Number of protein chains: 2
Amino acid sequence: MSDKINRVAFVGAGNVAWHLSQAFQKAGCKITEVYSQNIENARALCEKLNSGTAKNELDFSESKAQLIVISVKDDALTDLVKQLKLPQVTQPIVVHTSGSQPLSIISDSLPSAGVFYPLQTFSKRKEIDLSRSPVLIESNKVKDKGLLLELAKRISNYVEEVDSSARTSLHIAAVFACNFSNHLFAIAKEILNKKGLNFNLLEPLIEETVYKAFSHSPKAGQTGPAIRKDEEIIQKHLLALKENASYQQLYELLTRSIQRHA
Amino acid sequence: MSDKINRVAFVGAGNVAWHLSQAFQKAGCKITEVYSQNIENARALCEKLNSGTAKNELDFSESKAQLIVISVKDDALTDLVKQLKLPQVTQPIVVHTSGSQPLSIISDSLPSAGVFYPLQTFSKRKEIDLSRSPVLIESNKVKDKGLLLELAKRISNYVEEVDSSARTSLHIAAVFACNFSNHLFAIAKEILNKKGLNFNLLEPLIEETVYKAFSHSPKAGQTGPAIRKDEEIIQKHLLALKENASYQQLYELLTRSIQRHA
């Protein structure tokens with residue numbers, strides 16, 4: 001095998017495959033095959049790429065790909081790896097793109113295995129600049145790792161080696177920082193809309209909060225009644241939330257957590 | 001009184017007064033006096049403005065200001081309003097800048113009262129573009145309200161009338177969307193740092209989350225194991241958080257809240 005990955009096949013044609021395959025193509029790779037259970041999805045991606053054979057069976061025994069990227073839902077991953085038919089002679093590296101699955105889910109059954117995890121949230125409709133998104137690489141074999149790191153650096157300026165245990169922590173951190181924050185935004189929007197106020201009112205404040213969190217640190221930038229221990233305001237807010245016990249409970253728990261964390 | 005506010009005095013020389021006085025000055029106002037309990041702080045702001053008399057007593061009976069802006073800590077506000085000495089003949093409008101205090105805290109004792117609340121987080125060291133920050137106005141008198149709205153529009157492109165009850169809701173929403181989110185960022189940073197990972201890894205993902213929340217809606221953009229009802233991942237994360245009962249409890253409560261809210 002050459003010292004660079006130039007031919008890549010995709011298993012899966014969802015959001016991650018959609019963006020990753022285009023980034024690989026721009027970085028000089030040829031996309032050789034795209035598999036999807038639903039062949040229409042595979043065809044759509046091949047058409048977008050103007051490259052690759054669309055297929056809906058997992059037989060890659062004739063593939064010339066040096067890398068096979070499995071980008072499917074977590075719960076489909078194990079079964080899919082078992083069904084994968086690889087070439088007998090050339091041995092492509094097989095990676096998954098999941099933040100929450102260990103390397104072992106592939107490496108237990110395949111000799112050349114890895115993880116290629118782009119830390120970003122994708123949707124097909126929206127173009128995204130992958131060069132700013134971190135890509136996290138894992139592999140047990142030094143040579144494979146080198147090849148994956150080289151490929152990752154062609155599409156992103158922020159490439160790191162992260163093992164499965166650290167990747168789990170990263171996923172938990174992302175759940176707190178993104179999924180849970182987003183839910184707090186949804187609660188804020190609901191509270192505002194009830195009073196006829198627009199959620200956009202909060203945009204400059206949220207942007208400034210994010211800016212401060214990364215230019216200093218979120219702990220140093222903590223503001224609000226909780227950190228000020230302003231019990232009068234806290235009690236006023238809890239009273240105002242009395243019609244929604246679950247928001248009240250969240251308010252109380254987050255307030256006490258800020259105070260313990262200070 | 002003219003149909004425009006052109007002369008403004010400040011009571012308080014903290015972060016809000018620091019930025020608001022400069023914005024007013026740029027908008028054509030003369031800052032006539034700056035009061036601070038600690039006269040050094042008042043002097044520093046007058047020096048920054050190259051305008052105004054620094055003072056540490058609340059006697060404004062000789063002031064030519066058409067507007068007196070009280071920008072002090074919430075718990076100092078009531079006492080301070082009582083001590084304020086105003087001119088006998090001309091009647092300046094007196095406003096506070098607090099998101100969490102009602103208009104009545106001023107209007108109960110003063111005939112020309114209002115609220116001038118810039119919805120932003122300030123620190124003296126950092127310049128901020130107030131034109132993008134919402135300014136929320138409240139006043140019981142039609143004429144005063146008109147004057148305050150006109151002044152607000154000179155410094156911000158996003159001016160709204162918001163009464164005290166709606167302002168409380170806005171403050172609660174800001175606590176959820178900013179203070180609480182920021183705390184989740186702090187938790188994420190702690191989880192990452194424990195594994196030797198950099199918090200910056202999450203910056204593109206958080207920025208994309210905020211972008212999506214405002215370009216679509218936070219509810220429509222909700223992702224992650226909670227909304228997918230991926231119990232396997234949720235249980236794995238809860239287990240990984242077992243050493244911190246309080247983070248575990250937050251994870252569980254936010255997860256169930258996302259699921260109920262779906």
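The sequence lines fix the lettering, A, B, ..., with proteins before strands; numbering per chain opens at 1. Side chains included, hydrogens not; waters and symmetry mates left out as well; all remaining heavy atoms used. No experiment lies behind these values; they were computed from the predicted model shown.
Your options are A:Ala220, A:Pro225, A:Pro218, and the one with the most heavy-atom pairs under 4.5 Å with chain B is A:Pro218. Counting heavy-atom pairs closer than 4.5 Å to chain B, the top residue among A:Leu136, A:Leu119, A:Ile172 is A:Ile172. Put simply, of A:Gly99, A:Gly221, A:Cys178, the one with the most heavy-atom pairs under 4.5 Å next to chain B is A:Cys178.
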Looking only at N and O atoms, which donor-acceptor pairs between chain B and chain A are within less than 3.5 angstrom?
unit_1: B:Ser100; atom_1: O; unit_2: A:Lys236; atom_2: NZ; d: 2.9
unit_1: B:Thr121; atom_1: OG1; unit_2: A:Lys212; atom_2: NZ; d: 3.0
unit_1: B:Lys126; atom_1: NZ; unit_2: A:Glu208; atom_2: OE1; d: 3.3
unit_1: B:Lys126; atom_1: NZ; unit_2: A:Glu208; atom_2: OE2; d: 3.0
unit_1: B:Arg132; atom_1: NH1; unit_2: A:Glu207; atom_2: OE1; d: 3.4
unit_1: B:Ser165; atom_1: OG; unit_2: A:Lys195; atom_2: NZ; d: 2.8
unit_1: B:His171; atom_1: ND1; unit_2: A:His237; atom_2: NE2; d: 3.2
unit_1: B:Asn179; atom_1: O; unit_2: A:Gln222; atom_2: NE2; d: 2.9
unit_1: B:Asn179; atom_1: ND2; unit_2: A:Thr223; atom_2: O; d: 3.2
unit_1: B:Asn179; atom_1: ND2; unit_2: A:Thr223; atom_2: OG1; d: 3.2
unit_1: B:Asn182; atom_1: ND2; unit_2: A:Pro218; atom_2: O; d: 2.8
unit_1: B:Asn182; atom_1: ND2; unit_2: A:Gln222; atom_2: OE1; d: 2.9
unit_1: B:His183; atom_1: N; unit_2: A:Gln222; atom_2: OE1; d: 3.4
unit_1: B:His183; atom_1: NE2; unit_2: A:Ser257; atom_2: OG; d: 2.6
unit_1: B:Glu190; atom_1: OE1; unit_2: A:His261; atom_2: NE2; d: 2.6
unit_1: B:Lys195; atom_1: NZ; unit_2: A:Ser165; atom_2: OG; d: 2.8
unit_1: B:Glu207; atom_1: OE1; unit_2: A:Arg132; atom_2: NH1; d: 3.3
unit_1: B:Glu207; atom_1: OE1; unit_2: A:Arg132; atom_2: NH2; d: 3.4
unit_1: B:Glu208; atom_1: OE1; unit_2: A:Lys126; atom_2: NZ; d: 3.3
unit_1: B:Glu208; atom_1: OE2; unit_2: A:Lys126; atom_2: NZ; d: 3.0
unit_1: B:Lys212; atom_1: NZ; unit_2: A:Thr121; atom_2: OG1; d: 3.0
unit_1: B:Pro218; atom_1: O; unit_2: A:Asn182; atom_2: ND2; d: 2.8
unit_1: B:Gln222; atom_1: OE1; unit_2: A:Asn182; atom_2: ND2; d: 2.9
unit_1: B:Gln222; atom_1: OE1; unit_2: A:His183; atom_2: N; d: 3.4
unit_1: B:Gln222; atom_1: NE2; unit_2: A:Asn179; atom_2: O; d: 2.9
unit_1: B:Thr223; atom_1: O; unit_2: A:Asn179; atom_2: ND2; d: 3.2
unit_1: B:Thr223; atom_1: OG1; unit_2: A:Asn179; atom_2: ND2; d: 3.2
unit_1: B:Lys236; atom_1: NZ; unit_2: A:Ser100; atom_2: O; d: 2.8
unit_1: B:His237; atom_1: NE2; unit_2: A:His171; atom_2: ND1; d: 3.2
unit_1: B:Ser246; atom_1: OG; unit_2: A:Arg260; atom_2: NH2; d: 3.2
unit_1: B:Tyr247; atom_1: OH; unit_2: A:His261; atom_2: NE2; d: 2.8
unit_1: B:Ser257; atom_1: OG; unit_2: A:His183; atom_2: NE2; d: 2.6
unit_1: B:Arg260; atom_1: NH2; unit_2: A:Ser246; atom_2: OG; d: 3.3
unit_1: B:His261; atom_1: NE2; unit_2: A:Glu190; atom_2: OE1; d: 2.6
unit_1: B:His261; atom_1: NE2; unit_2: A:Tyr247; atom_2: OH; d: 2.8

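In this structure, A:Pro134 and B:Leu201 approach most closely via the heavy-atom pair CG-O, 3.2 Å. When all heavy atoms of B:Leu197 and A:Ala166 are compared, the pair lying nearest together is CD1-O, 3.8 Å. Smallest separation of non-hydrogen atoms from A:Ala188 and B:Ala177: CB-CB, 3.7 Å.
Considering only heavy atoms from C-beta on, A:Ile206 comes within 4.5 Å of B:Phe214 through its side chain. A:Leu254 places a side-chain heavy atom less than 4.5 Å from the side chain of B:Leu184. Counting only heavy atoms from C-beta outward, the side chains of B:Phe185 and A:Val210 approach each other to under 4.5 Å.
Contacts of A:Ile233 with chain B are made by side-chain atoms alone, with heavy-atom separations under 4.5 Å and no backbone atom involved. With a 4.5 angstrom heavy-atom cutoff, A:Leu241 touches chain B only via side-chain atoms. With a threshold of 4.5 angstrom between heavy atoms, B:Ile227 does not approach chain A through any atom at all.
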Margin query: side-chain contact (heavy atoms from CB on, under 4.5 Å), that's the test. Do A:Phe180 and B:Leu250 meet it? Break it down for me.
Written below: CA-CA 10 Å; A:Phe180 290 167; B:Leu250 271 177; over 6 Å; no
